[in-house]
Protein chains: 2
Amino acid sequence: MVAVGERIRLSDVALRAGVSVATASKALNGTGRMTPETRQRVQRVADELGFRPNAMARALISRRTFTVGLLTNDTYGRFTLPVMAGVSEALVDEGVSVFLCSIEDDPALGRVHLDAMLDKQVDGIISTGKRIDKRLPVDLSGLPVPVVYAFTQAPDDAVTLVSDDAQGAREACQWLVGLGRTNIVHITGPETFVSARDRAGAFREVLGERGRVLHGEWSETWGHQAIARLWDEKRARPDGIFCGNDQIARGVIDALRERGVQVPSDVSVVGFDNWEILAAATRPPLTSVDMNLKALGREAGRLILALSEGKQLEPGIRKLPCSLVVRQSCGGLTAD
Amino acid sequence: MVAVGERIRLSDVALRAGVSVATASKALNGTGRMTPETRQRVQRVADELGFRPNAMARALISRRTFTVGLLTNDTYGRFTLPVMAGVSEALVDEGVSVFLCSIEDDPALGRVHLDAMLDKQVDGIISTGKRIDKRLPVDLSGLPVPVVYAFTQAPDDAVTLVSDDAQGAREACQWLVGLGRTNIVHITGPETFVSARDRAGAFREVLGERGRVLHGEWSETWGHQAIARLWDEKRARPDGIFCGNDQIARGVIDALRERGVQVPSDVSVVGFDNWEILAAATRPPLTSVDMNLKALGREAGRLILALSEGKQLEPGIRKLPCSLVVRQSCGGLTAD
DNA sequence: TTGATTTGAGAAAAGGTTTTCCCTTGGTTG
DNA sequence: CAACCAAGGGAAAACCTTTTCTCAAATCAA
């Protein structure tokens, strides 16, 4: 039922049901004591009138607004959107809505958004970004509301969620090894990124001496360049390539095709990020490590909910597993 | 100043400043009458204490929450994110925060989010999506708050914002013609999309009989297929290609390279959407039509603000101009 | 000096709900 | 039949701010 004019107040319901506001409130909230008939009558009237309690008034008393803020500097949204989707998914059933605040890398803008959210008495704040080794340009310590950090750097005593890049990288490497690939190279982003170092570390851990790592940009162009370098060398050429992200992998695959190298029969390629729209458009479609950012967002939602209900959570970094999404760029048992 | 424990209330400020709450309120809001000294004293105390008024209490009286909802079914967020950024940008200075609600294509989920927002007394709702010819699976008519539709289909009597696809397409075509291209083909998405029809219509309008249109999917694969078809025909091959989106353009350029056709010297290519991350990674970087979705979002923000302040707006469709972003895929005066 | 006007500031209501008492009423027990 | 108890429901305070009155004091005119 859609109310078009004035909003129905609890007093309207009470009046029509022939009870006091107090009783009406208790009837609808399942609290207090009254005959089942009274309760049902109030509920029926409320339904008929399309009554919906005013969340403002409610929040004023209960000190809970059923509102959380998501702060991000990931303008392009490639990482933030799945996180946001997960957060929202975890919270919508609890009646919690999410303010999305994109603060770029502007401290002043961050301050403005933060103040706006605090004024609106959000129950909690989730801080997220595009790198797990950079902080948002805004100080979230000592706030009157709980904070959860998801996919961004955080103070030591904070509740933090990140993807387990090392584990994801291990899975990718083991997959290549399991397919019988022996000469495997890792082409990835700048060493200044913790993600790149973690993934490279796991790669070396699995492959030992055999594993070779090439650092560059996170771009298609670097994928091309790396292949050019590898193919121009007077060395055995790799039969397996683990790329630090899907854009590099895309560049790698395109470069290989230009050289007449068959993927996956000659070389298996794995990407990272599982950026659907890119991974699926690559020819052949790209096997890639998914950071499960939506699941990470869901967990962030659950945690902020728990915190805002007053539960205590142990601070520290929680690593969430990645998973390998298999497409056709590696070949495999059947198509080898 | 960051308050860590209890929030400061107006009464705390009043007490400390030696005035009544009423006077304190008026002092801080610049209303009422009092000596300048009193006003300044109150303001100083409020600053010292780090007082920030409780938006809930405020909203309860003023019936404005400084909150709007953005409803979208664009899960991937390619269109919604720029719109959202624009909305937020237009509203943050007014102290308005934005609830982002992704409802997929699920009517029930839409209902849940809508109810949550209405309960929270949003001042207005912006409805946005990924197609201008599809509606969100939720009925927004007869709501107690104003609604603006941005980049999505809307009822006739609604305030609606869309990009001017025809104008954007015209600019692209005229650009190709201006470069001296004479045999121009339009490779675009399914005819079932209004966007595809609008762009194709403008294309034909500029090129007349010479203009040929190929409809397919919105994918890289279709770009490849279309080039295969065009190059296998026993006809004059095009020297200019206007693509319906950047993914098609990417496929087209890759397919041309595979055939040894030089872009831009042999063929000029224009894309649509100016999806930065794709357009910039294409070799050569792609000249593309930008729908200015951020500007569209800003306008949506301004309109919803005006409506929520009670201003009357004429219903109907407002078309916002696209603009051509020139990169290197067309060549031009210098690099021809 | 008296009456009228202006000035500065406070008391109280309002906004919509929840929650804590308190008061009936009808029934039970001894 | 008195005393007590439980059940059902209501009055009012509380949440925090804004806004409308109201009032006392100060200023001004006559």
Side-chain angles (χ1 to χ4, degrees), chain A residues 3 5-43 45-46 49-67 95 118-123 144-145, chain B residues 3 5-43 45-46 49-67 95 116 118-123 144:
Chain A
E6 291 293 297
R7 260 189 96 96
I8 306 293
R9 292 178 308 267
L10 183 58
S11 58
D12 299 325
V13 176
L15 194 68
R16 180 101 150 230
V19 296
S20 71
V21 244
T23 305
S25 172
K26 286 179 280 197
L28 297 177
N29 291 315
T31 59
R33 290 181 314 194
M34 68 200 68
T35 54
E37 296 88 73
T38 306
R39 199 180 290 278
Q40 283 164 21
R41 178 160 39 90
V42 175
Q43 286 169 341
V45 171
L49 265 45
F51 168 74
R52 311 229 39 168
N54 182 324
M56 295 297 124
R58 222 171 202 180
L60 205 50
I61 301 176
S62 65
R63 297 160 163 293
R64 285 199 59 190
T65 54
F66 292 89
T67 285
L118 292 176
D119 289 351
K120 283 165 189 136
Q121 317 278 123
V122 290
D123 294 334
V145 297
Chain B
E6 291 291 297
R7 261 188 94 97
I8 306 293
R9 293 178 309 268
L10 183 59
S11 58
D12 300 325
V13 176
L15 194 67
R16 180 100 152 233
V19 295
S20 69
V21 246
T23 305
S25 172
K26 285 178 284 197
L28 297 177
N29 291 314
T31 59
R33 288 183 313 194
M34 67 199 69
T35 54
E37 296 87 74
T38 305
R39 198 180 291 278
Q40 283 165 19
R41 177 159 39 92
V42 175
Q43 287 169 341
V45 171
L49 265 46
F51 168 75
R52 312 230 38 167
N54 182 325
M56 295 297 127
R58 219 169 204 184
L60 204 51
I61 302 176
S62 66
R63 297 165 165 291
R64 282 198 63 191
T65 55
F66 293 90
T67 284
L118 292 176
D119 290 351
K120 284 166 188 132
Q121 318 279 121
V122 289
D123 294 335

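Owing to the predicted nature of the structure, the values given are computational and were not obtained by experimental measurement. Protein chains get the first letters and strands the later ones, always in sequence-line order, with residue 1 at the start of each.
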**Prompt:** Using a heavy-atom cut-off of 4.0 Å to chain A, what are the terminal contacting nucleotides of DNA chain D, in 5' to 3' order?
**Reply:** D/dA7 to D/dC16

**Message:** Can you list, in residue-number order, the parts of residues 11-18 of chain B that come under 4.0 Å of DNA chain D, counting heavy atoms only?
**Reply:** none

**Nearest atoms (heavy-atom pairs only) where A/Asn29 meets A/Arg58** = OD1-NH2, 3.3 Å

**Request:** Please identify each residue that fulfils side chain to side chain contact (heavy atoms under 4.5 Å, CB included) with B/Ser62, with sequence neighbours left out.
**Result:** B/Arg64

**Message:** Suppose we screen for side chain to side chain donor-acceptor pair (under 3.5 Å). Which residues come up paired with A/Thr31, at least two apart in sequence or across chains?
**Reply:** none

**Over all atoms of both residues, closest heavy-atom pair of A/Ser25 and A/Leu10** = CB-CD2, 3.7 Å

Output a table of donor-acceptor pairs, distance under 3.5 Å, between side-chain atoms of residues 12-19 of chain A and any protein atom two or more places apart or on a different chain; print 'none' if there are none.
unit_1	atom_1	unit_2	atom_2	d
A/Asp12	OD1	A/Arg9	NH2	3.4
A/Asp12	OD2	A/Arg9	N	2.8

**Item:** Leading and trailing nucleotides of DNA chain C with any atom under 4.0 Å from heavy atoms of chain B
**Value:** C/dT7 to C/dG16

**Request:** Quick one: pull up CE in B/Met56 and CD1 in A/Ile61 and give me the separation to the nearest 0.5 Å.
**Result:** 13.0 Å

**Message:** Expected output is a numbered-order residue list: members of residues 22-29 of chain B with a heavy atom under 4.0 Å from any atom of DNA chain C. What is it?
**Reply:** B/Ala22, B/Thr23, B/Lys26

**Asked** Of all heavy-atom pairs between A/Arg7 and B/Asp119, which one has the smallest distance, and what is that distance?
**Response** NH2-OD1, 3.7 Å

**Message:** For A/Arg33, give me all partners under salt bridge (charged side-chain N to carboxylate O under 4.0 Å, His left out), at least two apart in sequence or on another chain.
**Reply:** none

**Asked** When you look at B/Met34 and B/Thr23, which way does the side chain to side chain contact (heavy atoms under 4.5 Å, CB included) test go after all the steps?
**Response** CA-CA 8 Å; B/Met34 67 199 69; B/Thr23 305; 4.0 Å; yes

**Asked** Taking only residues two or more places apart in sequence or in another chain, which ones pass side chain to side chain contact (heavy atoms under 4.5 Å, CB included) with B/Gln43?
**Response** B/Leu28, B/Arg39, B/Gln40

**Prompt:** Can you list, by residue number, the residues of residues 33-41 of chain B that have a non-hydrogen atom closer than 4.0 angstrom to DNA chain C?
**Reply:** B/Arg33, B/Met34, B/Thr35, B/Thr38

**Message:** I want to confirm an ordering. Mapping B/Arg58 and A/Ser20 to their closest nucleotides on DNA chain D, which one lands closer to the 5' end?
**Reply:** A/Ser20

**Message:** Run the side chain to side chain contact (heavy atoms under 4.5 Å, CB included) test against A/Arg63 and tell me which residues pass, sequence neighbours left out.
**Reply:** none

**Message:** When you measure from the side chain of B/Lys120 to the backbone of B/Thr65, do you find a donor-acceptor pair of N or O atoms at a distance under 3.5 Å?
**Reply:** no

**Request:** For the helix from C/dT1-D/dA30 to C/dG30-D/dC1, figure out the bend between the end axes, five pairs an end, and round to 10 degrees.
**Result:** 60°

